[in-house]
Q: 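Before I ask anything, here is the structure I am working with.
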Amino acid sequence: MSSNMITLALSKGRIFDETLPLLAAAGIEVLEDPEKSRKLILPTNQPNVRVVLVRATDVPTYVQYGGADLGVTGKDTLIEHGGQGLYQPLDLQIAKCRVSVAVRSDFDYERAVKQGSRLKVATKYTSIARDFFATKGVHVDMVKLYGSMELAPLTGLADAIVDLVSTGNTLKANHLVEVERIMDISSYLVVNQAALKLKQAPLRRIIDAFASAIPAEKN
Ligand code: AMP
């Protein structure tokens, strides 16, 4: 690989789709559709820029260790990763959602919290959940899950979940109610700190173009 190659790590879905207009502002066009291709490395119209497709939770890891020079990742994923080795120049204001606590509609969350009983919490976001309940002074037993958190309160695995909520439709469909909003989430540009020194000019050009194309604040 030539040393002037710029590698951008993205995850498929909302982050990929919402990053495309930002790339366009930098004059970068991805030449293959990740939903149609099985390729993990996608070329762009710029010979020295390529996109690698990785799991959302792996984006900070790829950028931290230089497998990619830069990437786009949700604040939730960034907090759980810890952010070591990552320069975080921009809140891109895309893929917005929130991290919330949800319970079964027949579970009395307020009472459980007031009584000081131990709360069984299932989540993929153990750092965020631990910090939140520690600040509230609520004792929790944490159950780490990797997906389908909504199922946990329905099967008795947990009293509550901590999960991403956007429209709230997924919670509603599973008879769960949002009882606390922990934090608002959006996606960030992250850059490998060493790459920023070695490939300063091309990376700065991309960062500046992204900055100029960030969608206006809307909720
Ligand atoms: P919703 O039904 O619109 O509230 O969306 C909730 C579901 O979509 C949950 O399973 C979340 O994990 C997922 N979700 C919502 N927003 C995002 C986002 N910005 N990034 C990744 N997953 C999300």
Side-chain angles (χ1 to χ4, degrees), residues 8-23 30 33-35 40 51-63 68 70-83 86 88 90-105 107 109 120-133 140 142-155 157-190 210 213-219:
L8 168 68
L10 294 177
S11 51
K12 278 206 251 185
R14 206 168 153 189
I15 286 180
F16 183 90
D17 298 344
E18 295 186 26
T19 300
L20 289 183
L22 302 173
L23 284 170
V30 183
D33 178 354
E35 301 302 333
L40 297 175
V51 169
V52 292
L53 295 175
V54 302
R55 279 287 289 264
T57 44
D58 292 336
V59 168
T61 309
Y62 265 81
V63 177
L70 68 178
V72 177
T73 183
K75 188 73 184 169
D76 50 321
T77 306
L78 208 42
I79 292 172
E80 293 297 326
H81 168 270
L86 301 176
Q88 302 170 29
L90 297 173
D91 176 353
L92 299 173
Q93 300 285 335
I94 60 169
K96 285 186 168 187
C97 57
R98 56 192 184 270
V99 181
S100 292
V101 182
V103 298
R104 264 167 63 152
S105 46
F107 180 79
Y109 175 78
K120 236 176 161 189
V121 177
T123 187
K124 186 163 113 179
Y125 305 102
T126 48
S127 296
I128 294 173
R130 233 179 262 291
D131 280 0
F132 175 74
F133 287 110
V140 294
M142 202 71 73
V143 180
K144 167 94 185 183
L145 290 178
Y146 294 88
S148 301
M149 261 85 82
E150 302 83 12
L151 202 52
L154 306 179
T155 54
L157 183 66
D159 303 314
I161 59 169
V162 168
D163 195 8
L164 298 181
V165 179
S166 180
T167 60
N169 290 339
T170 305
L171 293 181
K172 206 176 290 168
N174 291 292
H175 310 289
L176 300 175
V177 289
E178 188 176 1
V179 287
E180 303 231 41
R181 195 173 170 135
I182 300 180
M183 64 174 73
D184 288 326
I185 298 292
S186 56
S187 284
Y188 282 66
L189 183 65
V190 292
F210 273 36
I214 290 173
E217 196 81 46
K218 62 174 189 309
N219 278 304

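For the numbers below, each heavy atom of this structure counts, side chains included, while hydrogens, waters and symmetry mates do not. Throughout, residue positions are numbered sequentially from 1 according to the sequence presented. This is a predicted model, so every value here is computed, not measured. Just so you know, ligand 1 is whichever comes first in the structure, and atom 1 is the first atom listed for that ligand.
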Q: Could I get the full list of side chain to side chain contact (heavy atoms under 4.5 Å, CB included) partners for Asp17, not counting sequence neighbours?
A: none

Q: Without placing hydrogens or testing angles, list every side-chain donor-acceptor pair under 3.5 Å for residues 173-180, not counting sequence neighbours.
A:
residue, atom, partner, partner atom, Å
Asn174, ND2, Thr170, O, 2.9
Glu178, OE1, Arg98, NH2, 3.0
Glu178, OE2, Arg98, NE, 2.7
Glu178, OE2, Ser100, OG, 2.5
Glu180, OE2, Tyr109, OH, 2.7
Glu180, OE2, Lys136, NZ, 2.7

Q: Is it true that the side chains of Glu80 and Ser127 contain a donor and an acceptor less than 3.5 Å apart?
A: yes

Q: Quick one: side chain to side chain contact (heavy atoms under 4.5 Å, CB included) partners of Asn169, sequence neighbours excluded?
A: Thr167

Q: Measuring from atom CG of Leu145 to atom CD1 of Ile161, what distance do you get when rounded to the nearest 0.5 angstrom?
A: 9.5 Å

Q: Write down, by chain and number, every protein residue that brings a non-hydrogen atom to less than 4.0 Å from an atom of ligand 1.
A: Arg14, Ala95, Cys97, Glu150, Asp163, Leu164, Val165, Ser166, Thr167, Gly168, Asn169, Thr170

Q: Atom NZ in Lys75, atom CD in Gln88: separation rounded to 0.5 Å?
A: 5.0 Å

